[in-house]
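Have a look at the structure below before the remarks.
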Amino acid sequence: MTKDGGGTDLIPGLDDLPRPSPEKAAEPGAGKPAKQAKARKKGARRPAEELPVARIAVDMSLPHLDRPFDYLVPAELDAKTVPGCRVRVRFAGQLVDGFVLERAAESDHEGKLLFLERVTSPEPVLTPEVAALVREVADRYAGTFADVLRLAVPPRHARVEAEPVEPPGDVGGEPPGMDGAGAWSDYPAGPSFLGALAEGRAPRAVWTALPGPDWTAAIAQAVAVTLRGGRGALVVVADGRDVARVDTALKAELGEGVHVALTAELGPAERYRRWLAVLRGAARAVVGTRAAMFAPVADLGLAVLWDDGDDVHAEPHAPYPHARDVLALRAHRAKAGALIGGFTRTTDATQLVESGWAHTLTADRGRVRTAMPRVRYVGEDAQLARDGAARTARLPNVAFEAARRALEEGPVLVQVPRRGYVPAIACGRCRTPAQCVACQGPLSLPSSHAAPYCRWCGRIAGDWGCPECGFVHLRAVVVGAKRTAEELGRAFPGVPVRTSGRDSILERVGPERALVVCTPGAEPPAEDGYSAALLLDGWVLLGRPDLRAGEETLRRWMNAASLVRPQGPVVVAAEGSLPAVQALVRWDPVTFAERELAERREVGFPPAARMASLTATSAAIRELLADARLPDGAEVLGPVPVPSAPATGADVQEKERALVRVPRAGGHALARALKEAQGVRSARKATETVRVQIDPLELI
């Protein structure tokens, strides 16, 4: 058996595979240092007198080599070779990076050990707590230690490491909110949650926040209570704009020098500087985006995740961990508190509540009614009959009148689910979708004066003609945010129209009258809140072929509607009988999530079950499944073709996807079986890699 730095079995079953020789794989054998001393020649490197063996995690992502390797520590590097430092070692004839996991008196294997080449930096950047978390995350997601380690430890900047260490800041004042005051006074269990944090206990809660901007103050208050209790805190949010809002709230609550904000926009040097401040204890709290989930906060007492349903919390690089799972594992290992919050409730968070891992933290219904907006839906046949223009117009009379009255009091938010001008077009006569003649990709219009172009290959289709009826004129199938802003500008002359989307996201809007057209997730907060909100084209969100379509639609609607003033009008263009619409009208995401989870449990889909997605060619998937010793009760679905843009080249093979489903209790066994199978294929030097994702967000 091979062992990792913690001494746990890593890849059972792979010891029967032929091992590469030390000359070919640079596997440092593991002979006794005493035996090597007898054969040492004059002038040879001398190993350290105490703990001469370093167990090193080599930066190598091959699954069959996912284990630490033993190297000798030269006497001249004894003082610098500390657990957690970066080193360079010779592996398979090449110099590669690595991290020292521990020092040992001797190795378990017979043979010759290689010396490590040099210590890149004596800074112990890999703490034992983070190393253990990395190992657990890798095993949970059928990945390798090296892949997760790249996500956990940022690249080194020597100049930044040489800077002096700043002293930690002090958190002054008394713990607020202990008598029920403050941002948590609206929640019956809020004061007791803060009390548990102040006493050093580990309360775990799924928090359904009231609409409005007070969620940042509530998080800052919980962090302050944790820090005053002598422990650290970690807050993970979706994007840089949320980081800035929480950062402002933390500064108001804690003062300067107590916490740091970590985002990719900082640049490598500044981000590493702030990360080192956390590692060295100069900062006791962290707020950041997804990558901050591995921040080396000392003595963690609280882990917070805001808006856990946002897909940006899922890491796009192997092994694709989700921040919710990582923070839950970390809180469990550190015996820390956990707070998973948002305006809505995901089925995954509901699963945590139903399993008993976390408790519900919500306001009573009376308080919810006073804080929520007034929601109306437009989409039923009776409403459309009274408003004939609404059958073809995207702004029914109900929404038009609500916007006109609300503009007298302040800005109006308009949410459009598609960016661009006209992202989808069709034949103006027979409604056949317009496609590129070269690659059959969908055509779209970038502006009112431009020719249609292909969204796949970029080809201009100025001479397009319908292949079914020969008609040359086009009509819009889906209208984007830019076209919506253009139409609203004509409908409300004299009213400023501002847009916020991927290309340019507004940070904030003022209290003056304006129409703010946004795509989901790009809604800027308004000073004193929006006077109204229009949620257009609900069928686009609800009609997506996605298991989480209803859940994700409700999350986007509620995030936008929460920016509206209490009792302000919100008009949603969707059928009123749909469960997501009813949950929005009642402002009851908890019941909706519980219903969704019950339906998932009936059909055996996540999070009620554990599922792995295998993506590759059909032959590679079959080979992996043949090598995998799947747990009892595992069910293989597929493989089926993966819808994607057509690839170029004659030798490109079509990708397929298979799903492997097991009961929830069999999740660890499934990940272990797939990891072992990946190791077998890696040892055979398989030419094609199978992409393995555990509990992916997209299943269909």
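This is a predicted model, so every value here is computed, not measured.
- With values rounded to the nearest 0.5 angstrom, Leu614 atom CG is found 5.5 Å from Leu625 atom CG.
- Here the side chains of Pro520 and Trp557 are not in contact, with every heavy-atom distance at 4.5 Å or above.
- At least one donor-acceptor pair closer than 3.5 Å links the side chain of Arg103 to the backbone N or O of Leu51.
- The CE atom of Met60 lies 10.5 Å from the OG1 atom of Thr144; values are rounded to the nearest 0.5 Å.
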> Stepwise, does the side-chain contact (heavy atoms from CB on, under 4.5 Å) test hold for Val153 with Arg86?
Replying inline: CA-CA 11 Å; Val153 181; Arg86 305 176 199 256; 3.7 Å; yes
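- Annotation for Val581 and Ala574: closest pair CG2-CB, 3.7 Å, computed over non-hydrogen atoms.
- Of the candidates Arg345, Arg600, Arg601, Glu354 forms a salt bridge (Lys or Arg N to Asp or Glu O under 4.0 Å) with just one, namely Arg601.
- Closest approach of Ala238 and Val312 over heavy atoms only: O-CG2, 3.4 Å.
- Residues Leu197 and Pro203 are in side-chain contact: their nearest non-hydrogen atoms beyond the backbone lie under 4.5 Å apart.
- Counting only distance, with no hydrogens or angles, the side chain of Lys675 and the backbone of Gly143 share a donor-acceptor pair below 3.5 Å.
- In this structure, a donor-acceptor pair under 3.5 Å is present between the side chains of Thr347 and Glu551.
- Side-chain atoms of Leu72 and Leu116, non-hydrogen and from C-beta on, never get closer than 4.5 Å to each other.
- Between the side chains of Arg150 and Ser61, at least one donor N or O lies within less than 3.5 Å of an accepting N or O.
- A donor-acceptor contact closer than 3.5 angstrom links the side chains of Tyr141 and Asp325.
- When atom types are taken as modelled, the side chain of His322 and the backbone of Pro696 share no donor-acceptor pair closer than 3.5 angstrom.
- Annotation: side chain to side chain donor-acceptor pair (under 3.5 Å) contacts of Arg333 (sequence neighbours excluded): Glu136.
- Side-chain contact between Val243 and Thr289 is present, with at least one heavy-atom pair separated by less than 4.5 Å.
- No side-chain N or O of Arg595 forms a donor-acceptor pair with one of Thr591 less than 3.5 Å apart.
- Residues Leu133 and Phe294 form a side-chain contact, since some pair of their non-hydrogen atoms from C-beta on lies under 4.5 Å apart.
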> Are Tyr187 and Phe193 close enough, and set up right, to give a side-chain contact (heavy atoms from CB on, under 4.5 Å), and what steps lead you there?
Replying inline: CA-CA 10 Å; Tyr187 306 90; Phe193 179 78; over 6 Å; no
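- Here the side chains of Leu584 and Phe592 are not in contact, with every heavy-atom distance at 4.5 Å or above.
- With sequence neighbours left out, the salt bridge (Lys or Arg N to Asp or Glu O under 4.0 Å) criterion links Glu602 to no other residue.
- At least one side-chain heavy atom of Trp306 sits under 4.5 Å from a side-chain heavy atom of Asp242.
- Listed here is the closest heavy atom pair of Pro188 and Thr362: CD-O, 3.3 Å.
- One finds the CG atom of Asp627 at 11.0 Å from the CG atom of Leu674 (value rounded to the nearest 0.5 Å).
- Side-chain contact, Thr617 with Glu654: no donor N or O sits under 3.5 Å from an acceptor N or O.
- Put simply, the side chain of Arg204 never gets that close to the backbone of His359: no donor and acceptor are under 3.5 Å apart.
- Between the side chain of Arg231 and the backbone N or O of Leu300 there is at least one donor-acceptor pair closer than 3.5 Å.
- When all heavy atoms are compared, the tightest approach of Ala142 to Ala671 is CB-O, 3.6 Å.
- Both tests pass for Arg691 against the ring of Tyr320: distance under 6.0 Å to the centre and angle within 45° of the axis.
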>> Would Glu623 and Arg684 count as a side-chain contact (heavy atoms from CB on, under 4.5 Å) here? Give the steps.
In response: CA-CA 12 Å; Glu623 180 182 342; Arg684 293 174 181 166; 4.1 Å; yes
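- Under 4.0 Å is where a charged nitrogen must lie from a carboxylate oxygen, and between Arg548 and Asp348 at least one such pair does.
- Contact between Ala331 and Gly337 at its shortest, heavy atoms only, is CB-O, 4.1 Å.
- By the 4.5 Å heavy-atom criterion applied to side chains, Arg324 and Thr346 are counted as neighbours.
- Side chain of Asp66 to main chain of Phe145: a donor-acceptor pair is present (N/O by atom type, distance under 3.5 Å, no hydrogens or angles).
- For the pair Arg661 and Phe605, the distance from NZ or CZ to the six-membered ring centre is under 6.0 Å and the angle to the ring normal is within 45 degrees.
- One distance of note links NZ of Lys685 with OG1 of Thr687; it measures 13.0 Å at 0.5 Å rounding.
- To the nearest 0.5 Å, atom CH2 of residue Trp207 and atom CD1 of residue Ile340 are 12.5 Å apart.
- Atom CG of Leu697 sits about 11.0 Å away from atom NE2 of His313, to the nearest 0.5 Å.
- The two residues Ala323 and Val236 come nearest to each other via the heavy atoms CB-CG1, 4.5 Å.
- When atom types are taken as modelled, the side chain of Gln678 and the backbone of Val690 share a donor-acceptor pair closer than 3.5 angstrom.
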> What do the steps show when you test Arg672 against Asp139 for salt bridge (charged side-chain N to carboxylate O under 4.0 Å, His left out), and what is the final call?
Replying inline: CA-CA 7 Å; Arg672 183 170 58 251; Asp139 292 341; over 6 Å; no
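- In this structure, the side chain of Arg330 engages the main chain of Met293 through a donor-acceptor pair within 3.5 Å.
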>> Pair Val590, Thr208 - check side-chain contact (heavy atoms from CB on, under 4.5 Å), show working.
In response: CA-CA 8 Å; Val590 176; Thr208 306; 3.8 Å; yes
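- Between the side chains of Asp70 and Ser107, at least one donor-acceptor pair of N or O atoms lies under 3.5 Å.
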